Protein chains: 2
Amino acid sequence: MADATDLAVLFKALGDPVRLRLMSMIACHAGGEACVCELTGAFDLSAPTISHHLKVLRESGLVDSQRRGTWVYYRANPDVLARVAAVVDIGDLAAVTA
Amino acid sequence: MADATDLAVLFKALGDPVRLRLMSMIACHAGGEACVCELTGAFDLSAPTISHHLKVLRESGLVDSQRRGTWVYYRANPDVLARVAAVVDIGDLAAVTA
DNA sequence: CTCCTGGTTAGACATACATCAAATCATGTG
DNA sequence: CACATGATTTGATGTATGTCTAACCAGGAG
């Protein structure tokens, strides 16, 4: 049911400490969304690097972005997260196909 | 509660199509364990490559291996899989720390 | 229009990773 | 012991990835 190559993209996107923390900060932020300016300040990394990681999360579908005026806001995509959670349930691991 | 670097190791281990399929084949196999000889034949990859992927899964804790005579058997570690599942629950994403 | 600030893109570079062939280890059999 | 088979380790190689600086794009304020 779920293609291993497609699923691997999701796990790979979460397979980086910075992106995991970004997901955490975005998903748990008040209002369900976080501004890039807040995220960038939380790491000892350059703004382009954070932007790169956000792009990986965005292209995998784990987050969506929206520009409002000068600022860009990111929010988590619950459907895609649920898809990841489902795969890790032992009972559903059989659904991984080539 | 859960260190982002440690968690990322788990997601990275699952972030490869071959390893995802290996996890699926191991977890869903009759008896809860699978012999390497069965796993190797399911891919168009050399035995050393499969062995390498199994090593990644083993070192991450997602599977355990056991030698019985000539053959080596792998079985999934439910606790570690549950840990991964917990993180992806939106409510628990806050538990990811630096 | 000209600046300034927030964010992304482009290019470069070092490291990590997936893969293979060849060599090695482990166990059982003649 | 010698040999065969299952599995892992080693070494090499091409590709992917994380990070940075510099350049660029988008909006708002003078």
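Protein chains get the first letters and strands the later ones, always in sequence-line order, with residue 1 at the start of each. What you see is a predicted model; the values in this text were computed from it and never measured.
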>> Once you apply a heavy-atom cut-off of 4.0 Å, does A:H53 come out as touching a base, just sugar-phosphate, or nothing?
In response: sugar-phosphate

> chain A on DNA chain C: first and last contacting nucleotide, 5' to 3', under 4.0 Å to a heavy atom?
Replying inline: C:dG6 to C:dT9

> When you list every nucleotide of DNA chain D with an atom under 4.0 Å from a heavy atom of chain A, which one comes first 5' to 3', and which comes last?
Replying inline: D:dT17 to D:dG28

> So which of residues 59-77 of chain B are in contact with DNA chain C, with a heavy-atom cut-off of under 4.0 Å?
Replying inline: B:R67, B:G69, B:T70

>> If hydrophobic residues (ILVMFWY) are linked whenever their side-chain heavy atoms come closer than 4.5 Å, directly or via other members, who joins A:V56 in its cluster?
In response: none

> With sugar-phosphate meaning primed atoms plus P, OP1 and OP2, does B:I50 contact a base, only sugar-phosphate, or nothing at under 4.0 Å between heavy atoms?
Replying inline: nothing

>> How long is the straight-line distance from CZ of A:R58 back to CG of A:N77, given to the nearest 0.5 Å?
In response: 13.5 Å

> If you measure from CZ on B:F11 to CE on A:M23, what distance do you get to the nearest 0.5 Å?
Replying inline: 9.5 Å

> By the rule that ILVMFWY residues connect when side-chain heavy atoms come within less than 4.5 angstrom, directly or transitively, which residues belong alongside B:W71?
Replying inline: B:Y73

> Can you pull the side-chain hydrogen bond (donor to acceptor under 3.5 Å, both in side chains) pairs that have at least one residue in residues 5-15 of chain B, sequence neighbours excluded?
Replying inline: none

>> My understanding is that only residues two or more places apart in sequence, or in another chain, count here; which of them pass side chain to side chain contact (heavy atoms under 4.5 Å, CB included) with A:R67?
In response: A:V72

> With ILVMFWY side chains joined below 4.5 Å, transitively, what does B:V9's cluster contain besides itself?
Replying inline: none

> Which residue pairs satisfy the side-chain hydrogen bond (donor to acceptor under 3.5 Å, both in side chains) criterion with at least one member in residues 16-28 of chain B, sequence neighbours excluded?
Replying inline: B:R19-B:H53

> By side chain to side chain contact (heavy atoms under 4.5 Å, CB included), which residues pair with A:T70, not counting sequence neighbours?
Replying inline: none

> What are the residues of residues 18-36 of chain A, sorted by number, that bring a heavy atom to within less than 4.0 Å of DNA chain C?
Replying inline: A:C35, A:V36

> How far does OG of A:S51 sit from CG of A:L39, to the nearest 0.5 angstrom?
Replying inline: 10.5 Å

>> Quick check: closest heavy atoms across A:L81 and B:V88, and the distance to 0.1 Å?
In response: O-CG1, 3.1 Å

>> As an exercise, state the distance from CG of B:L7 to CG of A:L14, rounded to the nearest 0.5 Å.
In response: 10.0 Å

> Which pairs pass side-chain hydrogen bond (donor to acceptor under 3.5 Å, both in side chains) with one or both residues in residues 33-47 of chain A, sequence neighbours excluded?
Replying inline: A:H29-A:E38, A:E33-A:R68, A:E33-A:R75, A:S46-A:T49

